[in-house]
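Report on the structure given below.
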Amino acid sequence: MPATPAGKNQKRTVSKLKELGMGVVHDVAKTKSPAIDIPLRTLSNTTFNEGKRIIEMGSDKQQRFFFNVGMVKKFTETFFLASKCKELIDVGKTTSLRDLFYMAKPDFERASKEEYEQEESDAITEDLEVTVDSLREELNLFASNRGALVGELTLVDQGDTIDGRRMGSGGWSIPSIVEPNIVQFGRCDAKFILLVEKDAVWRRFNEDKFWKQHKCILVHGQGQPPRGVRRLLYRMVNELRLPLYVFVDNDPWGYYIYSVVKQGSINLAYESRRMAVPNAKFLGLSSFDREKYGLDLSVTMKLKDEDVGRAKQILSYPWFQKKEWQREIKKMLSEGRKLELEALSNKGISFVTEEYLPGKIRNKEWLD
Amino acid sequence: MDLESTPLFDRKSSPPPSPSKAQAAPTAPPAAPAARAARSPVATPGKAKKGDAAPPPAPSTPAAPASPTNGTSAPGAPATESALAAPAAPVFRTTAAAMASKQREISVSEFFAKNRHLLGFDNPRKALLTAVKEAVDNSLDACEEAGILPEISVTLQETAEDRFRMIVQDNGPGIVKQQIPKVFGKLLYGSKFHRLKMSRGQQGIGISAAGMYGQLTTGKPVAITSRVGPGKPAHYFEIHLDTARNQPEIQKETDIDWAPPHGTRVEIELAGRYQRGRASVDDYLFQTAIANPHVTIHYKMPDGQTADYERATNQLPREPKEIKPHPYGVELGVLIKMLVMTKSRNLRGFLTSEFCRVSGRVADEIVAAAELRESQSPRNISRDEADKLHKAMQKAKIMAPPTECISPIGEDLIEAGLRKVIKADFYATVSRPPVVYRGNPFLVEAGIAYGGDLPMDELVRLVRYANRVPLLYQQSACATTEGVLAIDWKNYELQQSRSALPTGPAVLMVHIASVWVPFTSESKEAVADYPEIEKEIKLALQECGRKLASYLRKKQHLQYELKRRSIFAAYAGILAKSIEALTGVKKERIEADLDRIAKKDMPELSEPPAGSAAEAGDAATPEEAGAAAAPNANGGDA
């Protein structure tokens, strides 16, 4: 029995891969230059769907030809990758992008007589995902793990039962592929999900058994949450019907992390509908919290130039046009200061877990 | 050519003043005789005015006072004062009569003996080359005139340090016995100078000068062997040139056994230097072979190495026809001489018979315009009348001269010549039709050899010819070079820095053929830059350039095509394998189909479309790239 049996989504993926191949077969049989249409992953082809409140990819496509000196390599790489993914799905194994890179390297170096780079390989993976409308995870490609989970949830991971209540100080390492054929949910006693930006803060929360006290699932994504974490969050929110609260540093980067979780990213706009959690709430840190909670100015740091630039960018995002958000971001810009989560321990090591967060949740003091 | 000694003064000079020592009032300014005496007494012939630079052989110098009437008794006071000061008594160093007694005729050979640079013998290396050139040019002209395909052998032997024996032998018509001494032992003896038709010989002083040079530097006479036909005896002469009288001195004369059925062999021993490279004997023979593809040359170098240039064609060049001068091309002095020497009895007859393209009607027009009578005797025409006649001739509307006096090498033969000696990939030649400049017909031919073994990163080599004779010196002063520089060779796919020759693996060849090629100086090494000539040179080179560009672009295109094909072929293998893995369709079939498409010309078979940065994957905008950069740092998940 393959370690990773194909999920039902994967049957669809396989047929799409085959379809891609057959396209070429038919083209060349008709003595036509083989071409594929790849949806464009550019800002210009991205829109914010107000109704669904997620970023979506538009319908622009670009044709990629084999018989074009500038495109021939990418065209061939796309199909090479496609064939490898089908192989993986067929034998029920997963592989990393780095492995794929090494699978491709000898042939491509021989053909191009140039050094073959990892970046090229990564870009093609995204092209393929978007063309066959399948997640990387559905193509049996994984990246390294990042992020951890503890809390009031039992799940099955590749056949093994994981009890989130008994994952020790480290928590369950969230894998890169969390598709239903690998991860299934079991008993859930949580009332909400809390996403924390940094693992150090998460540890604090875990040490205090915050999740037990407040009946939640505690997750961190080690900064900008990777795809696995986002996908898991999406699944939990939708399948377990739980609210998601996001707790990040008070800086433009934090705003951005929240926005990606909530709306999706431009880079992976095509994934938004499978990863974005439009209802995610922003708990903090807010620019108003410092004064509200009487934190000394000395625990803040000055905004750098790039911070200011990013803040201004975020200010212009369509999904941050709401009054509250404009107010929030402008407050940061006017103060010219940023604040990290750890700074809250200035008020006591368990201030956050005992007062700050519970208060915010209870009083619904969040931004949406 | 006339060599007259003109007297110092036009009229009888005034006798010198009385020999009294106290020179009070001079009758002539003291400055005058000194100045006059310094002038050379020799009226230099033709263009050789530079003879003034050499010390004249005969006249007395003012520094040597001979006459007792020389007023040097009071040297101090009057002489030290400036010549323009209040006239002191005239101080005459010598008398006109005394000076006159020293004047005598200077022979041609004496003159040239002291003015070797005029003839091409200024330095040992050039001397050797000039000697070979004279001999070979003569051989070529003789063979062509006789209708014989030339076969020439040139041998150089080093007989002592900086001394060489030059042996040139041809298969030409030979020289008759009586003429041999004059041809080799008398300067400026020849048939070609007066003829108006294209020939090599005009560019040299003749083989006799080489013989004289050899004699001057080694004391050895010229050795000539010649036979005019099979069955006739072969004559052997050793000839010494009497430079004072410009006469040959036969030192040895005999009939000998000699194998060739006809031909001439010249041996001269002379001081020289043998050095390879530009403007060397090797270079001259190499270039001669290019411009004369009907010639076979056997060359033996001093170190024993040989070079053989086999003829590339059995076709002799068309014999140029001698023509009469054209009115536009004749200078006043020449006109006067023609008037004196003509056999015609009247002016009308003179004009119609001595010039080309002058019909009776044209002659009448000219005579009328000059306000002369057609019945006038040419010999009685005064100088003023001749001047009027000359002006009328220039103004009259006369048809261009016939061009049969010049004979081109021809496009095919230039190419054959280039191919013979240069290993290149591509050759282009052009032979432009004749054009007239100042009454002189001329034509320009050009050729390019490109690629092959020629060096890539050097300036192109420019090979210049006038009347099929290689021009080896003064490249930068030559109109041909000007023509090359005036063209933007970047248009023809060659690199070129500003005001430099283009760079590339090419040899450019330009040939100017004319009855009278205008040179920049009497050394006849560079062509003068007249607009008509420059224009033709440029047109010829541009035509060659266009052909070269067309070839190179096709070649580039082909290379590009091949490169593309090979790229597609490389990836087709991978693609076919992948398709097979995806679909089960056999990769051989996919490869065959792809190959078929590659052979067909596809519009997409081009450079990547402009703005291919819009390719999926590259186009994250800067802001997104900035924002997305950090999360992608670890394993690419975002």
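The sequence lines fix the lettering, A, B, ..., with proteins before strands; numbering per chain opens at 1. Here the structure is a predicted model, which is why all the values come from computation and not from measurement.
When the candidates A:Val72, A:Asp60, A:Thr46 are compared by the number of heavy-atom contacts under 4.5 Å with chain B, A:Val72 comes out ahead.
Contacts of A:Lys105 classified as side-chain hydrogen bond (donor to acceptor under 3.5 Å, both in side chains), with partners at least two apart in sequence or in another chain: A:Glu109. Listed by chain and residue number, B:Phe426 satisfy the ring pair (Phe, Tyr, Trp, His ring centres under 6.0 Å) test with B:Tyr551 (two or more places apart in sequence, or in another chain).
The two atoms that bring A:Glu138 and A:Gln10 nearest to each other are O-NE2, 2.6 Å, heavy atoms only.
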Go through A:Arg136 and A:Thr125 one step at a time and tell me if the side chain to side chain donor-acceptor pair (under 3.5 Å) criterion holds.
CA-CA 8 Å; A:Arg136 185 182 304 178; A:Thr125 311; 5.6 Å; no
Show me the donor-acceptor pairs within less than 3.5 Å that the side chains of residues 583-591 of chain B make with the rest of the protein, sequence neighbours left out.
unit_1: B:Thr583; atom_1: OG1; unit_2: B:Ile579; atom_2: O; d: 2.7
unit_1: B:Thr583; atom_1: OG1; unit_2: B:Val585; atom_2: N; d: 3.1

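Contact of B:Ala576 with chain A is not made at all, since no heavy-atom distance falls under 4.5 Å. With a threshold of 4.5 angstrom between heavy atoms, A:Lys86 approaches chain B through side-chain atoms but not through N, CA, C or O. In this structure, chain B has heavy atoms under 4.5 Å from both the backbone and the side chain of A:Lys73.
B:Arg464 is not listed as a side-chain neighbour of B:Val510, based on a closest heavy-atom distance of 4.5 Å or more. A:Met57 is not listed as a side-chain neighbour of A:Glu271, based on a closest heavy-atom distance of 4.5 Å or more.
The interface of residues 448-455 of chain B with chain A, defined by heavy-atom distances below 4.5 Å, is empty.
Checked against a 6.0 Å centroid threshold, the rings of A:Phe75 and B:Tyr571 do not count as neighbours.
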